[in-house]
Amino acid sequence: MKTTNEIRRDFLEFFRAKGHEVVPSSPLVPGNDPTLLFTNAGMVQFKDVFLGAEKRSYKRAVSSQRCVRAGGKHNDLDQVGYTARHHTFFEMLGNFSFGDYFKRDAIAYAWELLTGVWGLPAERLLVTVYHTDDEAYGIWKDVIGVPAERIVRIGDNKGAPYASDNFWQMADTGPCGPCSEIFYDHGAHIPGGPPGSPDEDGDRFIEIWNLVFMQFDRQPDGTLVPLPAPCVDTGMGLERIAAVLQHVHSNYEIDLFQALIRAAAELAGTQDLDNKSLRVIADHIRACSFLIVDGVLPSNEGRGYVLRRIIRRAVRHVWKLGALSADGAFWKMVAPLVAQMGEAYPELRAKQAMVEQALRAEEAAFAQTLDAGMQRLEGYLQKGQGSLDGEALFQLHDTYGCPPDLIVDILREKHAALADGAMAQYEALMEQQRERARAASKFAGANALPAEWVVRLAPTEFLGYQALSADDCRVVALVKDGRPVEQLDAGEEGVVILHHTPFYAESGGQVGDTGVLEAQGVRFEVADTQKFSAVFHGHVGRVVSGTIRLGDSLAAHVDGDRRAAIVLNHSATHLLHAALRRVLGEHVQQKGSLVAPDRLRFDFSHFQAVSPAQLAEIEALVNAQIRRNSEAEVHHMGMQEALDFGAMALFGEKYGERVRVLRMGEFSTELCGGTHVSRTGDIGLFKIVSESGVAAGVRRIEAVTGQGALDYIAEQERRLDQVAALLGGSGADVVDKLRQLFERQKKLERELESLKARAAAGTTADLAATAADIDGVKVVAARLEGLDPKALREAVDQLKHKLGDTVVLLAAASGGKAALVAGVNGAALGKVKAGELLSHVAGQIGGKGGGRPDMAQGGGEDGPALVKALEGVRDWVARRLQ
């Protein structure tokens with residue numbers, strides 16, 4: 001029996017032998033593609049090649065692509081672990097032709113691999129074709145020899161022309177074409193019918209391979225124009241084909257998942273390998289680990305929020321199995337995953353420690369959040385008199401991460417229940433939340449051009465490495481309000497796309513250039529430069545005078561002073577990155593950056609605050625490199641050659657076959673398409689302004705360079721002089737002056753505390769004398785002036801100690817607010833609870849509070865209602881004592 005690793009290797013080597021370039025999997029975060037939340041298919045990294053916007057040195061490719069479908073349109077999260085083939089993470093095997101071979105070879109290759117190499121019985125295979133694709137039908141029937149009864153024509157079944165499972169299109173317009181799908185027949189003992197039949201949703205016939213034949217360019221009016229160079233895009237789920245080749249029905253029965261399930265069972269101490277929770281854990285550890293490897297960390301928005309949901313769902317199933325430990329448990333699944341997939345994906349092994357640390361931190365955070373949710377549950381139950389409504393259930397889920405099934409279990413233990421209609425109310429609120437999430441997850445790509453433009457236009461040629469001005473820049477496209485136009489008139493705002501330009505388009509954290517485009521009688525002020533569809537530089541701005549038309553020739557002038565300031569900050573960012581890795585460790589990776597004229601901002605992976613001593617060391621390292629004045633060398637080379645050269649690839653960036661490498665001495669070597677200094681000494685000076693946390697496991701450093709650093713230091717000196725003047729000294733002795741001031745302040749605070757304590761003692765003596773006696777229990781309720789909450793608690797403690805069996809409630813008023821402290825001592829504890837007394841009083845003055853049976857605190861509004869509430873305390877206590 002072939003292992004999953006062997007099947008993956010077979011696929012890649014089969015197509016390598018057929019002249020295909022083996023292309024590594026791209027990251028799960030699509031590079032420079034705002035239209036996708038995650039990479040969800042093998043063709044994503046080749047999208048620009050299919051559109052004609054990117055050229056590769058090869059015309060045939062094969063890959064095993066990591067994919068995630070757990071957010072936005074492709075969201076199977078709730079089904080994962082409970083069905084045979086749903087996953088959050090999967091691998092897509094694919095072979096691709098870019099204008100080289102077409103249907104005949106694609107079909108022949110597929111049949112040869114399935115029946116010749118892997119030995120699948122031909123009689124178990126069934127194929128589908130688009131109903132008008134006679135060419136594919138003929139190849140399957142006459143060339144391959146598949147019987148006609150095992151070839152199914154699939155028509156338009158979605159209410160519109162070409163809206164079919166067997167017709168693929170990239171968008172409403174642009175490249176598209178028919179598909180041919182290959183199905184495996186698991187046998188008559190499995191329910192279900194063939195594709196196209198009423199019973200096609202059964203599990204007997206399982207699609208294992210989809211061959212897409214891109215042969216048309218769909219026009220805005222719906223007509224199909226043949227592409228000059230038809231392409232092939234195929235996709236086969238590795239887990240599905242492994243199940244077929246290993247003679248099992250469920251993907252979770254293949255060797256890879258069985259190893260992970262056994263590891264999860266050992267972690268949980270269970271022998272029940274069929275437990276669905278084990279499947280969830282085995283699936284989710286793959287998605288979580290590879291997302292973290294590819295730069296995603298748990299957060300409350302976007303991709304990070306999807307990751308957080310997956311982690312917490314997995315952790316809940318770990319807890320459900322009873323695998324509880326002080327340092328967490330789910331993160332311990334990383335090592336078994338590395339053992340299974342580390343050979344195919346070395347980056348997983350290399351970043352194992354970072355993945356474990358991120359998962360461990362998130363599990364601990366979830367435990368704290370869940371604990372807060374349980375405390376809030378108690379409040380909801382008190383308010384609902386033992387039942388929980390749908391809004392409370394939603395808040396517990398949405399805010400505290402406590403899912404309904406967990407809450408229902410807890411309610412059962414507490415002999416409580418959901419209120420009538422609570423689940424319906426909860427579902428309605430969840431649907432509203434899903435709508436908001438769907439809207440938020442539409443990475444709609446405001447900078448995406450229509451597909452027909454991308455095919456027609458050549459990528460913008462960037463001249464800005466060598467020059468800040470250029471003549472004869474031809475206008476190839478104009479955009480206004482998101483739509484193509486023929487011209488832009490004076491006063492109108494829009495986007496101008498030129499065939500070449502010196503303007504740098506925002507990318508890799510570096511902001512876009514500003515400046516002007518001009519010609520005789522025409523002036524366009526560029527407020528920003530953005531990338532459109534990843535390869536076009538769009539000059540965003542306003543026509544100040546004249547009219548710009550398609551085909552016009554303009555002169556382009558970048559704001560040189562602004563670019564120069566940006567350049568200093570960008571080069572300093574590279575030096576900072578290298579310094580961080582030297583001081584903090586090799587786990588540091590860039591998680592985002594902003595390179596602006598006035599500052600730089602650098603986000604990086606690190607799980608604790610950077611100490612002042614470490615920051616000083618990092619800053620000193622960078623400035624040492626600046627003084628070294630090394631040349632900033634630029635090299636162009638192949639991707640693998642660049643990595644061998646020591647270059648680091650940055651998270652979230654998309655690189656082609658030929659890459660640009662920036663090397664500054666022996667200190668920093670990175671792939672980067674940005675603009676930089678000629679020598680490190682040009683930066684002048686580097687100064688860290690702040691360090692902070694921005695997300696779990698992500699820190700941020702902000703810094704300034706050059707004149708900005710000098711201005712910052714001058715401002716700090718000015719402030720220091722102001723402080724010194726206020727202290728009556730100079731900058732040289734300001735520390736001693738401050739130390740003397742603080743010592744004097746502490747002495748005065750101690751004296752004040754002593755006076756307060758004496759005042760409180762006198763107050764408690766007076767209050768003790770006025771205590772009412774109710775059935776042998778002393779009761780005190782009073783409003784006091786001038787006591788802070790700490791002094792109020794001390795007064796309550798003194799009264800409890802002095803009076804023995806007692807119930808006390810004291811209020812301290814200040815600024816229209818009242819602090820409340822309640823205490824119960826001795827025999828009274830059997831019938832009176834401090835928290836209940838405090839809630840009774842706080843509820844009457846618009847406040848709240850709680851605590852232990854013997855001590856509670858809270859607050860509310862000062863006023864007549866407080867006086868009335870205090871007057872009622874004795875009667876309330878009397879009723880409780882009865």
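Starting from 1, each residue takes its place in the sequence as its number.
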| Could you walk me through whether Val779 and Leu809 pass the side chain to side chain contact (heavy atoms under 4.5 Å, CB included) check? | CA-CA 8 Å; Val779 180; Leu809 190 137; over 6 Å; no
Please determine if [X] and [Y] form a salt bridge, counting it only when a charged side-chain N lies under 4.0 Å from a carboxylate O.
| X | Y | answer |
| --- | --- | --- |
| Asp862 | Lys817 | no |
| Lys833 | Asp854 | no |
| Arg599 | Glu702 | yes |
| Glu836 | Arg880 | yes |
| Arg312 | Glu363 | no |

More than 12 heavy atoms of other groups within 6.0 Å of [X] [atom1]:
| X | atom1 | value |
| --- | --- | --- |
| Asp420 | CG | no |
| Arg783 | CZ | yes |
| Arg874 | CZ | no |
| Gln716 | CD | yes |
| Gln271 | CD | no |
| Gln425 | CD | yes |

- [ ] Test Lys778 against Asp773 for salt bridge (Lys or Arg N to Asp or Glu O under 4.0 Å), laying out the working first.
- [x] CA-CA 5 Å; Lys778 301 295 185 180; Asp773 190 307; 3.3 Å; yes
- [ ] Report the C-alpha separation of Ser605 and Met354 in whole Å, then their side-chain angles, then the decisive distance to 0.1 Å, and conclude whether the side chain to side chain contact (heavy atoms under 4.5 Å, CB included) test is met.
- [x] CA-CA 9 Å; Ser605 54; Met354 185 187 78; 4.2 Å; yes
Point to revise | salt bridge (Lys or Arg N to Asp or Glu O under 4.0 Å) assessment of Arg719 paired with Glu715 | key: CA-CA 6 Å; Arg719 292 183 180 184; Glu715 176 62 16; 3.1 Å; yes
key: salt bridge (Lys or Arg N to Asp or Glu O under 4.0 Å) between Arg718 and Asp721, intermediate numbers included   = CA-CA 5 Å; Arg718 186 186 67 79; Asp721 290 341; over 6 Å; no
Please give me the minimum heavy-atom distance between [X] and [Y], naming the atom from each residue.
| X | Y | value |
| --- | --- | --- |
| Ala828 | Val807 | CB-CG2, 3.8 Å |
| Met855 | Val796 | CE-CG1, 4.1 Å |
| Val780 | Ala771 | CG2-CB, 3.6 Å |
| Leu820 | Val841 | CD1-CG1, 4.0 Å |

Is a side-chain donor-acceptor pair under 3.5 Å present for [Y] with [X]?
| X | Y | answer |
| --- | --- | --- |
| His840 | Gln844 | yes |
| Thr806 | Asn825 | no |
| Gln745 | Glu749 | yes |

Quiz prompt | Leu278 side chain reached by Thr270 side chain, heavy atoms, under 4.5 Å | solution = yes
Note to self: Could you tell me if the side chain of Arg303 sits less than 4.5 Å from the side chain of Leu291, heavy atoms only?
What the structure shows: no
Give the C-alpha distance, both sets of side-chain angles, the deciding distance and a yes or no for salt bridge (Lys or Arg N to Asp or Glu O under 4.0 Å) between Glu691 and Arg699. CA-CA 7 Å; Glu691 190 275 344; Arg699 308 297 299 179; 2.8 Å; yes
* To do: Might you work through the side chain to side chain contact (heavy atoms under 4.5 Å, CB included) test for Phe604 and Ile701, ending with a clear yes or no?
  => CA-CA 8 Å; Phe604 58 96; Ile701 282 179; 3.8 Å; yes
Exercise. Look only at the side chain of Gln614 and the backbone of Ser611, and say whether a donor-acceptor pair between them is shorter than 3.5 Å.
Key: yes
Query - Verdict with supporting geometry, Arg286 and Leu260, side chain to side chain contact (heavy atoms under 4.5 Å, CB included) - result: CA-CA 10 Å; Arg286 299 206 305 163; Leu260 294 175; 4.1 Å; yes
Can you confirm if the aromatic rings of His87 and Tyr252 lie within a centre distance of less than 6.0 Å?
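Aromatic pair counts; centres sit under 6.0 Å.
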task = Would you please test Phe330 and Trp319 for ring-ring contact (aromatic ring centres under 6.0 Å, His included) and show each step?
result = CA-CA 9 Å; Phe330 181 53; Trp319 293 347; over 10 Å; no
